[in-house]
Trainee: 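This is the structure, below, for whatever I ask next.
Values in this document were obtained by computation on a predicted structure and should not be read as measured data.
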Amino acid sequence: MPDEKKPISWLREKTEKINIADDLDENVLSKIGQEVVYGYDLDVTSRTEWVEKTKDGLKNAIQEVEDKSSPWPGCANVKHPLIATAAIQFASRAYPAIVKGQKVVKCSVVGADPEGLKEKRARRISEHMSWQLLHQMTEWDEETDKLLHVLPVQGMCYRKTYRDPLFQRNRSELRTALQVVVNNDARNLESARRITDEIWLHKNEVIERENAGIFLEGFAEAAFAGDLEEKRQELFLEQHGYFDLDGDGYEEPYIFTVHRDSAKIARVVARYDDRGILESTKKQGKIVRIEPVHYFTKFEFIPSPDGKFHSLGFSQLLGPLNEVINTIINQLLDAGTLNNLQSGFIGRGAKMPSGNQRFVPGEWKQVDSLGGILKDNIVPLPTKEPSHTLFTLLSWLTDTAHRLSSVSEVMTGDQPDKNETATTTLARIEQGSKVFSAIYKRVYRSLSLEYRKLFRLNGMYLPQTEYFRVLDNQHAISREDYGMLDMDIYPVSDPGLSSETQRMAKMRALMEIAERLPFRQGKLEILRRHLDALEIPEIEKIMPKDEVIKFLKQGPPPNPDLLKIQLDTITQKSEQELNVKKLAMEMERHKLELEKLGAEIEVLRTTAIKNVADAEAKEVGEQFSRYKAQVDLLDQHTNTALAVKEAEDRARAIQSRNVERGSGGAGGMAPKSSDEGVPPLPPGSAVGPDGANLPGSLPAPGINGEDGAGVGAPVGESEDAEGSAEYPPAPTE
């Protein structure tokens, strides 16, 4: 521990240094080295039992050949490939589901995004991180495949994500649970007191780190002193732990790299950044907490039932069963060997050469036999054929192990029953994949944590603008895209789908939904996902982005039913407007006819008045009364004709209003004829409804004079003056 307390600014300065061991005292470095080795030994001891089971399971998984001397030298020592089969089945399903196509990372928006800017940035991040993992970080894809084979055997493994100063890029390395040492009593990886990574380095690799300033100078000579074999490796312990270097009593998170044999420190680097230092608001200069930066991501197969840190895999779950199966198989083989290669006792009465006797088919050998029969001098050892009971037990144990590992015939692609229906087979696959689905979700959760670590590194070390190419298209991304916390990173793969059958069934259900979906954008998204699930390459060429945007901006296509309703409405409205116009024209025509009739009547009226006036001047008595009666009758006929026209106009107006209301008639009643309801004209009417003279009407009275010729009888004369009852003869002077 330092002699004097250092300010908080000292801690902030150390976040920028690649190795702060140069700034530390030799005594401090020596103490750190001893504590690192001591803590490492404690953690190794805590997980001894788990390591032994894991190593035994590895021997069965890789079919390691071992010599066996019991019950005799060279006896059978076969290992049943139970663990290997289960691990291969898991990896063959998991790897294509996690790494499919050119997209392995998906970025989603957190919070509101009214203008769509966050969505565009999320798309850029998804494309860039997928390109990083598959193309820039060349080790990621290959080691992911390896991880999915190691995980089911050992039960757990790690990914170490960090910025490599030698390669000047991000790295995400696979580390097995046998290489990374964590105390078995730790609650979780984030709260573990120590995480120690065992790193084996050649001398040349140590020199590279010295020249880059990562290790202390002269460390290679000290670590490899007296080493005559240049290729020999040395064990270094990279421990992510805590130590108080500023002298305030609070231990800060650091990464210590120590040579295991000499316990000498090669490197010390801060395991926190400037944002992780939380100062107290009540006590000036005091640190409340320092948030450590986590480099390791734990991938676990099945959590330990006893709550311990180390998870279980097929090595721990199937190891005992695998050993019993191995024993039974070897016993059956040894029994068959004894039964096939007989041995026994030979009596002294049979004289024959000692040693092994080899026979060629059809060959007979001579022997000396003194008395008795030859078979009486040869006694074979009593042996039995391989036990049928052991074979039955072997089948039962194998079936039990397969159920435990979810490796049945139907899961490996074999059809157990030819008469089994497809629905039953799918149900069996669904039940058999339940275990795998739960494990996939754990892998999915760990991948999300790994991607978030990579997201943080990009926000710190990515160039201001980086260009990358995806499917021959040039893209660009900036460091600012990774500088905000409104994004969520997770894998593209679906953790709920553990088989291609399940995935395609889900896609078919989505396509059925798309047929009933009224939203165009939703239909396009379902189509894109369907093509992606089918792993169709270059989807952008099938669905060009610009064309899709243009298609969406056009709006949804019109509804045929709605179009028909609108067309019917327009047609009905047009017909009603046409009927109204026809009625208006008809009314206008009748109006003109009435005006014409009125003018004609007015002329007749004027003429009659003039005749009356002339008659008043020339005639007196009965002749004047007759003229006056004719004028009154003419007025009566005119008023009657006008009343008829008004009645017709009212009837047409009522019919027009009924048409506009769509009743199809006058309120459901039959329309009346033009003269229905009009009082009959009195006999002798001069004018009918259309302005013509009616039968039996009286002619217009004639007026004496030149202009009245041919219009009527001369004043004072009559065609039948004596016999006319209606026109009495005018008195004579």
Trainee: I'd like to know if the side chain of Glu173 pairs up with that of Tyr162 as donor and acceptor (distance under 3.5 Å, no hydrogens or angles considered).
Mentor: yes
Trainee: Does any N or O in the side chain of Gln136 come within less than 3.5 Å of the main-chain N or O of Leu133, such that one atom is a donor and the other an acceptor?
Mentor: no
Trainee: Is the Phe236-Phe256 ring centre distance short of 6.0 angstrom?
Mentor: no
Trainee: When you look at OH of Tyr250, are more than 12 heavy atoms from neighbouring residues, nucleotides or ligands closer to it than 6.0 Å?
Mentor: yes
Trainee: Establish, from distance only, whether the side-chain atoms of Thr161 and Ser172 form a donor-acceptor pair under 3.5 Å.
Mentor: yes
Trainee: Using modelled atom types and a 3.5 Å cut-off, is there a donor and acceptor pairing between side-chain atoms of Thr15 and backbone atoms of Leu11?
Mentor: no
Trainee: Working to the nearest 0.5 angstrom, can you tell me the gap between Asp246 CG and Lys14 NZ?
Mentor: 11.0 Å
Trainee: So, Arg289 side chain and Leu278 main chain: donor-acceptor pair closer than 3.5 Å or not?
Mentor: no
Trainee: Can you see which heavy atom on Ala263 is nearest to which on Val37, and at what distance?
Mentor: CB-CG2, 3.9 Å
Trainee: So, are Asp274 and Arg12 salt-bridged, with charged N and O less than 4.0 Å apart?
Mentor: yes
Trainee: Are any side-chain N or O atoms of Asp164 and backbone N or O atoms of Asn170, one a donor and one an acceptor, separated by less than 3.5 Å?
Mentor: no
Trainee: Strictly distance-based, threshold 3.5 Å: is any side-chain N or O of Ser130 a donor or acceptor partner for the main-chain N or O of Ser126?
Mentor: yes
Trainee: Hey, is Arg456 close enough to Asp273 for a salt bridge, meaning N to O under 4.0 Å?
Mentor: yes
Trainee: In terms of side-chain heavy atoms, does Thr257 have a donor or acceptor partner in Glu238 at a distance below 3.5 Å?
Mentor: no
Trainee: Shortest non-hydrogen contact from Ile290 to Pro253?
Mentor: CG2-CD, 3.7 Å
Trainee: Ignoring hydrogens, what is the shortest heavy-atom contact between Cys157 and Thr176? Give both atom names and the distance.
Mentor: CB-CA, 4.2 Å
Trainee: Which value, rounded to the nearest 0.5 Å, describes the distance between Ser108 atom OG and Lys118 atom NZ?
Mentor: 11.0 Å
Trainee: Taking only distance into account, with no hydrogens and no angle test, what donor-acceptor pairs under 3.5 Å do side-chain atoms of residues 296-306 form with protein atoms, sequence neighbours excluded?
Mentor:
residue : atom : partner : partner atom : Å
Thr297  : OG1  : Lys453  : NZ           : 3.1
Lys298  : NZ   : Phe309  : O            : 2.7
Glu300  : OE1  : Ser311  : OG           : 2.7
Ser304  : OG   : Asp306  : OD1          : 2.3
Asp306  : OD1  : Lys308  : N            : 3.1

Trainee: Would you confirm whether Arg194, through its side chain, and Gly241, through its main-chain N or O, come within 3.5 Å as a donor-acceptor pair?
Mentor: no
Trainee: Decide, yes or no, whether a salt bridge links Glu139 with Arg169 under the criterion of side-chain N to carboxylate O below 4.0 Å.
Mentor: yes
Trainee: Provide the closest heavy-atom pair for Gly247 versus Asp244 in the form atom of the first, atom of the second, distance.
Mentor: N-OD1, 3.1 Å
Trainee: Just by modelled atom types, is the Leu151 backbone N or O under 3.5 Å from a matching donor or acceptor in the Gln154 side chain?
Mentor: no
Trainee: Could you tell me the separation between the CG atom of Leu245 and the CH2 atom of Trp10, rounded to the nearest 0.5 Å?
Mentor: 5.0 Å
Trainee: Is a side-chain N or O of Arg267 found less than 3.5 angstrom from the main chain of Ile18, in a donor-acceptor match?
Mentor: yes
Trainee: Does the side chain of Ile255 reach to within under 4.5 Å of the side chain of Tyr295, using non-hydrogen atoms?
Mentor: yes
Trainee: CD of Glu142: more than 12 outside heavy atoms within 6.0 angstrom?
Mentor: no
Trainee: Supply the atom-to-atom distance Tyr95 OH to Lys146 NZ, rounded to the nearest 0.5 angstrom.
Mentor: 12.5 Å
Trainee: Quick check for you: to the nearest 0.5 Å, what is the distance between Arg163 atom CZ and Leu462 atom CG?
Mentor: 8.0 Å
Trainee: With salt bridge (Lys or Arg N to Asp or Glu O under 4.0 Å) as the test, would you mind laying out the steps for Lys17 and Asp23 before giving the verdict?
Mentor: CA-CA 10 Å; Lys17 297 201 64 175; Asp23 303 335; 2.8 Å; yes
Trainee: For a 4.5 angstrom cut-off between non-hydrogen side-chain atoms, does Arg121 reach Leu117?
Mentor: no
Trainee: Say whether Gln179 and Tyr158, considering side chains only, have a donor N or O and an acceptor N or O under 3.5 Å apart.
Mentor: no
Trainee: How far apart are the closest heavy atoms of Ala91 and Pro96, and which atoms are they?
Mentor: O-CD, 4.0 Å
Trainee: Taking Gly218's backbone N and O only, do any of them form a donor-acceptor pair with Glu221's side chain (distance below 3.5 Å, no angle check)?
Mentor: no
Trainee: Leu201 and Phe224: which non-hydrogen atoms are nearest, and at how many Å?
Mentor: O-CZ, 3.6 Å
Trainee: Any side-chain hydrogen bond (donor to acceptor under 3.5 Å, both in side chains) pairs touching residues 44-57, not counting sequence neighbours?
Mentor: Thr54-Gln316
Trainee: How about CD on Glu66, more than 12 heavy atoms from neighbouring residues, nucleotides or ligands closer than 6.0 Å, or not?
Mentor: yes
Trainee: Side chains of Trp140 and Glu450 only: does a donor on one sit below 3.5 Å from an acceptor on the other?
Mentor: yes
Trainee: For Gln132 and Asn458: C-alpha separation, side-chain torsions, deciding distance, then whether side chain to side chain contact (heavy atoms under 4.5 Å, CB included) applies.
Mentor: CA-CA 10 Å; Gln132 268 190 317; Asn458 286 336; 2.8 Å; yes
Trainee: Distance check, rounded to the nearest 0.5 Å: Tyr482 atom OH versus Ile125 atom CD1?
Mentor: 5.5 Å
Trainee: Check Glu13 with Lys6, please: is the shortest side-chain N to carboxylate O separation under 4.0 Å?
Mentor: no
Trainee: Please walk me through it: do Gln464 and Ser478 pass side chain to side chain donor-acceptor pair (under 3.5 Å)?
Mentor: CA-CA 5 Å; Gln464 290 299 328; Ser478 63; over 6 Å; no
Trainee: Identify whether NZ of Lys or CZ of Arg in Arg271 sits under 6.0 Å from the centre of the six-membered ring of Tyr242 and within 45° of that ring's axis.
Mentor: yes
Trainee: May I ask you to decide if Lys286's main-chain N or O and Asp248's side chain share a donor-acceptor pair within less than 3.5 Å?
Mentor: no
Trainee: Checking salt bridge (Lys or Arg N to Asp or Glu O under 4.0 Å) for the pair Glu198/Arg260: CA distance, chi angles, key distance, verdict?
Mentor: CA-CA 9 Å; Glu198 299 177 348; Arg260 173 67 177 84; over 6 Å; no
Trainee: Decide yes or no for Ile265 and Leu24: does some side-chain heavy atom of the first lie under 4.5 Å from some side-chain heavy atom of the second?
Mentor: no
